[in-house]
Amino acid sequence: MATAENPKYKVIGTRPVRHDGADKVTGRAKYGADIKLSGMLYAATLRSPHAHAKIKSIDTSKAEALPGVRAIVTSADLPAQGDRIVELGEGAANMRHLTANVLAREKVLYKGHAIAAVAADNIHIAEEAIKLIEVVYELLPPVMDVRKAMAADAPILNDDIRTASVGSAPAAKDSKPTNIAKHFLFEKGDIAAGFAKADVIVEREFDTAMVHQGYIEPHNATALWNTDGKITVWMSTQGSFSARQQTAELLKVPISSVKVIPTEIGGGFGGKISVYFPPVAALLSKKSGRPVKLVMSRASVFEATGPTPGSHMKVKLGATKDGQLVAGEAWIAFEAGAYTGSPIGPACMCVFACYDLPNGRVEGFDVCVNKPRTNAYRAPGSTHVAFATETLVDEICEKIGMDAADFRIKNAAKEGVRRVDGPVYARIGMVETVEAIKNSDHYKTPLEGKYRGRGIASGFWFNCGLKSSASATVNPDGTVSLLEGSTDIGGSRVGIAMQLAETLGITAEEVIPTVGDTDSAGYCDVTGGSRVTFATGIAAIEAAKDIQRQLVERAAMIWEVDVAQISYRDGGVHGPDGKFLSFKEMAGKLHATGGAVIGRGTSSAATQGGAFGTHCVDVEVDPELGKVQILRYTAAQDCGTAIHPSYVEGQIQGGAVQGIGWALNEEYWYDERGEMRNATYLDYRIPTCYDVPMIDTIIVEVPDPQHPYGVRGVGEVPICPPPAAIANAIYAAVGVRMHDLPMSPPRLSAEILKKK
Amino acid sequence: MHAFDYQAPTTVADAIQLMAKHNGTARPLAGGTDLIDQMRVGRLTPELLIDVKKLKELNVLSAGPDGLHLGAAVPCYRIYGDETVNSQYTALADSCHIIGGIQIQSRASMGGNLCNSGPAADSTPSMIALDGVCVIAGPDGTREVPVEAFCTGPGQNVLKPGELLVEVRFPPRPAHSGSHYRRMIPRNEMDIAVVGVGASVVLDQGGQNFVSARISLGAVAPTPLFAQAAGDLLAGQSVSDASLDKAAAAAREIVSPITDMRGTREYRIHVTGVLVKRVLQAAVARARGEEIDYRRGH
Amino acid sequence: MSGKRVVTLTVNGDRVEFLCEARQTLLEVLRNNLDLTGTKEGCSNGNCGACTVIMDGRPVVSCLVLAVEAEGSELRTIEGVARGSHLDEVQSAFLEGAALQCGICTPGFIVQTEALLEENPNPTEDDIRFYLAGNLCRCTGYDKIVRAVQAAAEARQVAAN
């Protein structure tokens, strides 16, 4: 299956079978929950039935007395953290909050908040013991709505939170505890003058519900606290080095005492960066002297991991009648969940990121509510704001009578444009993705039929670089064993191996990639931010170049010529007088020429140029039921250079369908007590295959100059456009503008009935 | 899961004896697709599970001059795989095709669906529409209860301690009859009915007038409802938008839905009317021998 | 009252015996007692299909089957799909069609596809999507999965002719 789609390259642009594929289609691949160690205990977690309460007391004596129970831990077993702020790779963390989220201390802040854990001979005994733990609560009123939580008289979740100002936001006036953890303000140009130039101004308010990444594999961790003080953790994680650091910080042990062995991981989408179980499993292991496994229930995954926030947004856009955007203003409040840390920052930066907006003002708030602490979810914050901005753009286009694609092309952000929050774009492909949609068969084919409509929308994500490393050992048979530390969620191993192969002039199959543990692989930041194929790719390319250098030296020795006379290209070393030895031939001579050749590479400085996508969707609405069917879907995205087109397409398709779920049905549904009433896959409705059509993809390649082969991260952008594109299509179909997510049948039906 | 015992008797008499002996603490296990989950989350904590899948009476699926006998433990896939069901009791097949996914349909039974007594059960409205009668065996002998009288509240029914649902019996289908079940769900599959509607109609020879109709509703009250008045008012009426609208309005009269994570009260009332009309139209089409315009789950 | 009992059944062609409590699901026993961890746990309430196995010819979610109910049954799990050291058509099609990303749902999808093609060797796209609706995938958007099932069906048809 090696079809070269990029004639510049031999390996890049082909579609080799992934190296970990056979294990994954035969059931042999080991995921976190598959770990079984001799003497292993099974643990269960006691979780709060209340959304907001003080913990008055915890009595574990009855649970301890149950036969088969080996250890119990509560927050009393975790070291106190004080007010430490620790840099954890993808951002700083307040350790007081982090530890309280792992096991609640004085208060529980959301239903499902972990309180204690029990390790026992089997899971059933552990679960029985959990029921025997007696907790006395003093109930507090929960605050579930972001605007209510911002009110002066709102119940306060954390007494240590004061509003931090970011950008040009003014400093907070009083020093009372608040739920507003952060206040962002970004400004560009003259907002009043901008709107004064506008012929048409639209301003709408939007609400979006909290949603979850929905990875199929629940969180897990198995830990062994050995007698020598070393802690080994087997787990599914998006970042073994981050998990190591979080675990070490939470336990207050040196990071070198913790070894994280990443297993295969069953999805993450940003939700498997935070650590929940490893310190708990480690403490249970320390107490019991046995390895301990924790696997989360699906209900707890929903109730107590890190969904993405619900939001309230007010966004205003102004344009001239010939379709020139002149000003934009946004006010965005995000539910942080129990502790500070929503992606409000990125949301503020993304809200107008697709456009060359001369005058802008963006204000954002990070607000604590009695819901689980939010985490990253695929382009965190960007989907929310794309829903707002991209539906307003559609409304403007309607008002001025301009084609939605043409408007976007006219106003698209491009190289040299300054975003409202400051940065200036390098070479980017926003225009190209809109043009790709405009020229697509889909867009050019008229949509016919009653209650059918078409919508388009664009989206942006920064993509990050961060730190990666890789090492590669040449084997005597001409293959290369590649060791890297980026956990592989969606096929990154093959993408990284292909870049190494391309650089050495060998085949993808001749590279044997391994994702190493924290004691064997070099440091890699998390698999997130659409960074792995970019940054760990660069590290692998550097490792390949290191191998090239060493092979050149070996060839110089063999041929007894100066290294300057030798170069590495086209899969081998070229010397004077047409001398040539292929990579494989050189590999065969390793032992005779000085032993092993090991290439090393790192990446830390490179940043990415940002990626854009534009989607087109056709829907049919059942106007009596308010139900939307997706008839046709096309997603165009700037992917820089597509290394493995199948997995690039897969990222786009998967992201688009997650966006479809967010658009139509997914939401955290809370009752007045603060209990999530739909913490199952039955009622938290992620799309099934029967809900979606084929997702057509158009890979636009505007190479990113910051990567040797032009790679641009792919994973995140495709989730951003769907809600807005679908909202625009719904308007085209039945003439109602939806401003809330999800656009579920009851909501859409109510709007349709209102209009009648 | 809590600890419990498991028995798999091979005669109904043994099963009833076990049920009676464990007065109130035993539960029959058919497909288990509801029961095992409810036990896992601690909502139900029986001390004994009596596996009824080895009882031949509960595995009967046969048609005869006295109608259709549907054993309480017959799994969905056998029901929609049955020729008589597909040709005459189509609403049952409609229900069975959309309960859970295919894997659930390998195990889930209509008897289990009924005894679970959820307001949103997908097969109960079909059984009501098709005039099903529950045959219940107990320590004091056998008794019969119409399906519409079986459920008494969410998760509650008329079964007394020691009693076991053996089968549901359906009367023979008259000529020019048709039935259908459809539900509104936000997705197209793997969902719980926001509103479910079953209907069975009998038309006159010309196919233009209703002889009789039975309409049933799910997820709009504490129990599945038999919308008797809505069906009765169709008797003798011509098949028309006006008559169907009247029936839909009458059905809406009797619902008392709640607002929950699956839909609002207002939405459910509205959808009741929409679906009653659509389901009646489909049942009429089937009574006329026509194909119906319906993509499962949509 | 809740002692352990011996269950005897056939798993992937082999006669297997295990000791279990009534409260253990088939999924738990497959994974913990028999070390057949290819069958995955995604939700434990029958809504994701990751634990799909074929029991007496029918696909079931093993999280909603008690292990004791499997007495005397014939079970096929993901570990029994490959023919010796050769992948079968469904596995090959998933692999070559890049129909997996994280791979956690893959065993369930492959087993369910085996059941589909057994029942309906020549399914339409709609048939495929309906039959696989009980299996959730959060990575792929299903496009490549549906295409892989189509490719597998075709490969099997070709092999049969």
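Below, chain A is the first sequence line, B the second, and so on; all start at residue 1.
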I'd like to verify something: which residue of [options] has the highest number of heavy-atom pairs under 4.5 Å with chain C?
options                                : answer
A:Ala33, A:Ser236, A:Ala299            : A:Ala33
A:Gly490, A:Pro218, A:Gly655, A:Gly267 : A:Gly490
A:Glu217, A:His644, A:Met296, A:Lys30  : A:Glu217

Under 4.0 Å between a Lys/Arg side-chain N and an Asp/Glu carboxylate O for [X] and [Y]?
X        : Y        : answer
A:Asp23  : A:Arg28  : no
A:Arg685 : A:Asp691 : no
A:Asp20  : A:Lys24  : yes
A:Arg378 : A:Glu716 : no
C:Arg58  : C:Glu114 : no
C:Glu17  : C:Arg15  : yes
A:Asp683 : A:Arg677 : no
C:Arg129 : C:Glu125 : yes

Closest-packed option against chain A by number of heavy-atom pairs under 4.5 Å, given [options]:
options                             : answer
C:Ser44, C:Ser92, C:Gly103          : C:Gly103
C:Glu28, C:Gln101, C:Lys40          : C:Gln101
C:Ala82, C:Cys137, C:Gly38, C:Cys43 : C:Cys43
C:Glu79, C:Arg23, C:Arg147          : C:Arg23

Checklist entry - Quick one: is the NZ or CZ of A:Lys272 closer than 6.0 Å to the six-membered ring centre of A:Tyr215, and within 45° of its axis? => result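 Yes, cation above the ring, under 6.0 Å and within 45°.
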Given that the side chain runs from C-beta out, which part of [X] has a heavy atom under 4.5 Å from chain A: side chain, backbone, both or neither?
X        : answer
C:Ile110 : side chain
C:Leu87  : side chain
C:Asp126 : both
C:Thr140 : backbone
C:Glu41  : backbone
C:Asn135 : neither

Item to check | Shortest non-hydrogen contact between C:Thr113 and C:Phe109, atoms and distance | outcome: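 Smallest interatomic distance, heavy atoms only, reads OG1-O, 2.7 Å.
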Non-hydrogen atoms of chain C under 4.5 Å away: do they reach the side chain of [X], the backbone, both or neither?
X        : result
A:Asn122 : side chain
A:Ala29  : backbone
A:Glu264 : neither
A:Gln651 : both
A:Ile652 : neither
A:Ile265 : backbone

Checklist entry - Can you check whether A:Phe302 and A:Tyr681 have ring centres sitting under 6.0 Å from each other? => result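 Under 6.0 Å, so yes.
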Item to check | Approximate separation, where rounding is to 0.5 Å, of A:Ser492 OG and A:Arg18 CZ | outcome: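 It is 8.5 Å, given to the nearest 0.5 Å.
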